[in-house]
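We use all heavy atoms of the structure for the numbers below, so side chains are in, but hydrogens, waters and symmetry mates are not. Residue numbers start from 1 in every chain, and the chains themselves are labelled A, B, ... in the order their sequence lines are given, proteins ahead of strands.
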Amino acid sequence: MDYLLGDLRRTHYSKDVNPDISGEEVLIMGWVHEIRDLGGIIFVIIRDRDGLVQITAPSKKVDASILDDLRALRKESVVAIKGTVQDAGKAPNGVEIIPAEVIILNPAKQPLPMDPTEKVKAEIDTRLNSRFLDLRKANVSSIFKIKANMFKTVRDYFYEQGMIEINTPKLVASATEGGTELFPITYFEKEAFLGQSPQLYKQMMMGAGFDKVFEIGQIFRAEEHDTLRHLNEAVSIDCEISFADDVDVMKVLDGMITAVLKSTKENCAKELEILEYDLSAIPEGPFPEVKYDDAVDIINSKGIDMEWGEDLSREAEKALGDTQEGFYFLTDWPSAIKPFYAMPYEDTPEISHAFDLMYKNLEISSGSTRVHQYDLLVKQMVERDLNPDGFGSYLKAFEYGMAPHAGWGVGADRLAMVLTGVENIRETVLFPRDRHRLTP
RNA sequence: GCCCUGGUGGUGUAGGGGCUAUCAUGUGGGCCUGUCGAGCCCGCGACUCGGGUUCAAAUCCCGGCCAGGGCGCCA
């Protein structure tokens with residue numbers, strides 16, 4: 001037994017051990033998934049990132065010292081095992097490894113805080129408390145493989161569209177962006193906050209002449225919400241495009257979501273199978289549009305009271321979502337319930353060039369044509385009881401040549417819910433931050 | 001923040017004023033040469049906290065804390 005890695009290096013992942021390399025010597029590294037000691041033969045299942053592989057140790061073929069080493073293993077210990085690949089019809093994947101050397105790299109304490117093999121399922125709270133163990137499960141890690149593919153697809157899509165990736169500050173001075181609560185922090189001798197959105201910065205980049213930008217980054221909101229679809233720290237996919245309006249950016253969004261749906265089906269078939277989720281049931285774009293006016297009628301026709309001008313209640317969202325197959329745009333919102341930077345229609349200013357992208361009853365994105373005229377922007381702030389003095393550095397960008405522009409932001413974790421079929425947003429975040437959870 | 005429900009071994013549960021607190025999984029040990037939710041034998045391990053009612057509370061009552069679900073909040 002040796003606890004140091006030394007010169008040991010993995011030669012194969014579990015997925016690379018197959019009957020084609022029968023007879024080869026391999027060195028695998030991973031976690032002890034299961035041990036089945038039948039006396040004269042011992043089976044040990046080793047798990048790595050990609051799956052499982054069986055170690056088979058018949059007493060006739062393997063030294064007694066190796067059998068002792070295998071018997072000393074405990075579940076979830078980290079091991080390196082050297083051995084010979086053998087074609088075996090009786091083994092799980094038609095292949096097994098006859099061990100020649102067993103090295104425990106790090107033993108796992110017993111009993112475990114939860115069972116990664118899920119013979120007994122643990123509750124979400126228990127799982128999150130031992131998230132590192134929870135993430136060893138294939139159905140949990142699949143969510144994050146799908147999410148990684150989602151981000152890669154989004155980036156590829158944006159770069160193909162000629163967009164420039166940016167990073168904006170998450171430490172901000174303004175507490176006055178709007179209605180959402182911010183997390184206050186101390187910034188040397190000043191008060192500061194964690195950023196709720198890159199909105200103002202990406203708009204300033206339109207004044208900087210970057211034309212098309214996107215950002216994938218964390219956002220922080222100090223709302224005391226307690227639901228399956230809200231977190232206090234989330235990831236937002238934001239884009240902003242100059243010389244474009246709401247219709248243009250809806251097309252970009254439509255294209256991005258469709259690209260993500262396609263690539264998930266193409267690249268993550270194994271993960272979707274592990275999750276037992278049929279993504280092909282979700283229609284790809286172009287997505288239908290429902291005007292706010294019509295949505296109000298639909299909702300009222302379902303027996304739910306809703307006045308024109310109100311935001312949708314949860315009940316209303318559900319009723320409307322039930323009438324839709326999957327993704328749809330909700331357009332032409334009342335200006336009063338949209339933020340100050342949303343552009344009102346010229347002839348009917350009570351309605352704005354603002355849209356949401358919904359997936360059934362879940363809001364995935366919201367966006368709009370933005371107000372690029374300084375005076376109108378100030379007017380809309382005042383109408384919403386915001387003090388323009390608090391927006392000095394933002395407003396300045398609108399005084400010296402601001403391109404007309406439009407954009408949107410997508411809740412990445414919510415989009416991941418749609419791609420994986422999970423119902424709790426906490427499942428789509430490695431270490432979620434909600435009203436009550438700040439660890440791990 | 002409001003409403004509902006709950007808190008029993010490491011995990012997941014049954015029970016519901018008094019008896020050795022149920023079962024599964026786990027865990028420690030033993031047996032077993034083809035396991036794959038392995039099997040068999042033996043052992044280990046628990047009633048959220050505080051207060052109250054009672055001869056007696058894990059069980060009933062009150063409060064706290066924590067969790068799950070629903071709603072609200074969510075530029």
Side-chain angles (χ1 to χ4, degrees), chain A residues 33-45 52-62 67 71 74-76 86 88-94 96 98 108-130 133-134 174-182 193 195-200 203 219-232 234 236 311-318 333 335-342 354 356 363 366-368 370 380-381 383-386 390-391 394 409 411 414 423-424 426 434-437:
Chain A
H33 186 69
E34 283 193 86
I35 306 158
R36 298 195 196 97
D37 179 0
L38 277 64
I41 187 166
I42 302 173
F43 301 98
V44 176
I45 315 296
L52 304 172
V53 63
Q54 178 167 287
I55 310 299
T56 302
S59 55
K60 276 187 185 168
K61 288 195 189 174
V62 169
L67 295 175
R71 287 197 177 97
R74 293 295 175 264
K75 284 184 183 177
E76 299 305 323
Q86 179 173 290
K90 290 180 249 179
N93 298 317
E96 61 194 13
I98 311 298
K109 200 166 109 180
Q110 305 292 333
L112 301 162
M114 55 169 285
D115 171 22
T117 66
E118 273 195 315
K119 279 178 193 164
V120 179
K121 289 203 177 191
E123 290 183 356
I124 184 88
D125 188 53
T126 305
R127 291 173 44 208
L128 291 175
N129 284 339
S130 299
L133 267 174
D134 186 49
S174 172
T176 53
E177 271 187 44
T180 203
E181 296 288 322
L182 302 187
F193 302 89
Q196 63 172 256
S197 156
Q199 180 64 32
L200 306 188
Q203 284 191 265
I219 57 170
F220 304 90
R221 298 184 179 184
E223 299 294 338
E224 296 201 349
H225 33 50
D226 199 356
T227 78
L228 297 181
R229 59 194 183 283
H230 288 92
L231 291 172
N232 296 289
S236 178
D311 207 345
L312 276 65
S313 68
R314 188 69 192 131
E315 195 185 21
E317 279 181 339
K318 284 178 175 171
W333 284 75
S335 301
I337 53 171
K338 283 293 171 183
F340 64 82
Y341 47 76
D356 281 4
E363 183 186 330
S366 59
S368 63
R370 316 302 193 189
Q380 298 221 111
M381 283 178 179
E383 282 169 1
R384 286 163 181 76
D385 292 327
L386 296 170
F391 293 85
Y394 168 71
R414 286 188 176 180
E423 287 176 359
N424 188 338
R426 291 162 185 78
D434 63 29
R435 176 68 186 87
H436 303 288
R437 180 175 289 279

On a whole-Å scale, what distance lies between the C1' atoms belonging to B:G26 and B:U11? 7 Å
With the side chain defined as heavy atoms from C-beta on, A:Arg314 is closest, among B:U35, B:G10, B:G72, to B:G72
Ring centroid separation for A:Tyr341 and A:Phe391, is it under 6.0 angstrom? no
Practice item. Describe the nucleic acid contact of A:Glu224 in one word from base, sugar-phosphate, nothing, applying a heavy-atom distance below 4.0 Å. Key: base
- Query: Is A:Pro113 touching bases, backbone alone, or none of the nucleic acid, heavy atoms closer than 4.0 Å?
  - Reply: sugar-phosphate
Per atom distances to the A:Phe43 side chain, the nearest of B:G26, B:U27, B:G34 is B:G34
Taking the same atom, C1', in B:U53 and in B:C62, what whole-Å distance lies between them? 11 Å
Rounded to whole Å, the CG-P distance (A:Asp125 to B:U11) equals 10 Å
When rounded to whole Å, the CZ to P distance for the pair A:Arg74 and B:G28 reads 5 Å
* Asked: Got a donor-acceptor pair under 3.5 Å from the side chain of A:Glu34 to the base of B:U35?
  -> no
Whether A:Lys338 and A:Asp356 form a salt bridge (side-chain N of Lys/Arg under 4.0 Å from carboxylate O of Asp/Glu) is what I want to check.
yes
| task | Please state whether the base of B:C74 and the side chain of A:His225 form at least one donor-acceptor pair under 3.5 Å? | result | no
A:Leu112 CG to B:G10 P, in whole Å, measures 13 Å
| query | Taking the same atom, P, in B:G69 and in B:G17, what whole-Å distance lies between them? | reply | 30 Å
- Message: If you compare every side-chain N and O of A:Lys60 against the phosphate oxygens of B:G34 (OP1, OP2), does one of them come in below 4.0 Å?
- Response: no
Original post:
Quantified in whole Å, what is the C1' atom distance between nucleotide B:G18 and nucleotide B:G7?
Top reply: 24 Å
Of B:U35, B:G37, B:C73, the nucleotide closest to the side chain of A:Arg229 is B:C73
Does a donor on one side chain and an acceptor on the other come within less than 3.5 Å for A:Ser313 and A:Glu315?
no
Salt-bridge criterion met for A:Glu317 and A:Arg314 (N-O under 4.0 Å): yes
A:Arg435 CZ to B:G68 C1', in whole Å, measures 17 Å
Worksheet item: Expressed as a whole number of Å, how far does the C1' atom of B:G51 sit from that of B:A46?
Response: 23 Å
Residue pair A:Ala91/A:Arg36 against RNA chain B: nearer the 5' end by closest nucleotide is A:Ala91
P atoms of B:G10 and B:C47, separation to the nearest Å: 8 Å
key: Side-chain donor/acceptor contact of A:Glu96 with base of B:G34 under 3.5 Å   = yes
*asked:* A:Asn129 vs A:Met114, test: side-chain contact (heavy atoms from CB on, under 4.5 Å). Steps then yes/no.
replied: CA-CA 10 Å; A:Asn129 284 339; A:Met114 55 169 285; over 6 Å; no
Ranking A:Lys121 and A:Leu38 by the position along RNA chain B of their nearest nucleotide, the one closer to 5' is A:Lys121
Taken to the nearest whole Å, CG/A:Asp226 to P/B:C2 is 12 Å
_Sidechain-backbone polar pair: A:Glu223 side chain, A:Glu181 backbone, donor-acceptor under 3.5 Å_ = yes
Between CZ of A:Phe220 and C1' of B:C74 the distance, given in whole Å, is 17 Å
The contact string for nucleotides 41-50 of chain B, one letter per nucleotide 5' to 3', using protein heavy atoms under 4.0 Å with B, S and - for base, sugar-phosphate only and none, comes out as ----------
Base-pair string, RNA chain B, Watson-Crick plus G-U, cut-off 3.5 Å on both distances, | for inter-strand, is (((((((..(((.....[....)))((((((.......))))))...(((((..]....))))))))))))....
A:Glu123 CD to B:U5 C1', in whole Å, measures 12 Å
> So does A:Thr126 reach the base of B:U11 with its side chain, donor to acceptor, closer than 3.5 Å?
Replying inline: no
Here the distance between atom P of B:C74 and atom CZ of A:Arg221, to the nearest Å, is 11 Å
### Query
Base, sugar-phosphate, or nothing for A:Glu76, non-hydrogen atoms under 4.0 angstrom?
nothing
* Main-chain N/O of A:Arg414 paired with A:Arg229 side-chain donor or acceptor, under 3.5 Å -> no
Taking B:C71, B:G34, B:G10 as options, the one with an atom nearest any side-chain atom of A:Thr227 is B:C71
| said: Looking at B:U11, I'd like to know if its phosphate oxygens (OP1 or OP2) sit under 4.0 Å from a side-chain N or O belonging to A:Lys75. | reply: no
